[in-house]
Trainee: 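Once you've had a glance at the structure underneath, I'll fire off some questions.
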Amino acid sequence: MSALDWQKSSYSSESANCIYLAAGHDCSIRLRESDEPDVIISTSPDRLLALLRGVKAGEFDRLTSS
């Protein structure tokens with residue numbers, strides 16, 4: 001298996017809190033965070049799009065802790 005081509009999200013700042021994405025060899029999307037680069041999650045493009053739409057629509061705002 002060849003290495004994945006990780007790309008930093010354009011919304012990540014220059015600080016240590018960065019999200020990286022890569023296209024998997026099986027048409028999946030892989031995500032990892034800069035703080036724990038060995039932890040990689042895999043999802044489908046459709047599910048990632050649904051998550052992003054939900055975040056933009058504020059569907060998860062009630063889950064934030066005070």
Side-chain angles (χ1 to χ4, degrees):
M1 181 177 185
S2 61
L4 296 172
D5 183 22
W6 292 101
Q7 297 182 5
K8 185 168 89 168
S9 168
S10 61
Y11 287 95
S12 294
S13 64
E14 295 300 320
S15 66
N17 299 325
C18 300
I19 298 293
Y20 291 85
L21 292 96
H25 304 291
D26 56 354
C27 296
S28 65
I29 302 292
R30 309 291 170 93
L31 297 103
R32 70 178 186 189
E33 194 209 358
S34 58
D35 289 346
E36 294 189 49
D38 293 332
V39 176
I40 298 170
I41 61 171
S42 179
T43 190
S44 70
D46 291 338
R47 288 179 185 244
L48 180 58
L49 181 59
L51 172 67
L52 294 175
R53 284 182 176 159
V55 169
K56 287 181 178 182
E59 293 179 20
F60 308 104
D61 290 351
R62 63 182 170 77
L63 301 176
T64 60
S65 59
S66 306

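Computed from a predicted model, the values in this text were never measured in an experiment. No hydrogens, no waters, no symmetry mates; every other heavy atom, side chains included, goes into these values.
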Trainee: If I compare all heavy atoms of L4 with all of A23, which pair ends up nearest, and what's the gap?
Mentor: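 Heavy atoms of L4 and A23 come nearest at CD2-O, 3.5 Å.
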
Trainee: Are the side chains of F60 and V55 in touch, meaning some heavy atoms are under 4.5 Å apart?
Mentor: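 Contact flag for F60/V55 side chains = yes.
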
Trainee: Pairs under 3.5 angstrom only: tabulate donor-acceptor contacts from the side chains of residues 36-51 to other protein residues two or more places apart or in another chain.
Mentor:
{"unit_1": "S42", "atom_1": "OG", "unit_2": "R30", "atom_2": "NE", "d": "3.4"}
{"unit_1": "S44", "atom_1": "OG", "unit_2": "R47", "atom_2": "N", "d": "3.1"}

Trainee: Calculate, to the nearest 0.5 Å, the distance between atoms OG and CD belonging to S9 and E33 respectively.
Mentor: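 With rounding to 0.5 Å, OG (S9) is 12.0 Å from CD (E33).
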
Trainee: Would you compute the distance between atom CH2 of W6 and atom CG of L21 and round it to the nearest 0.5 angstrom?
Mentor: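 These two atoms lie 7.5 Å from each other.
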
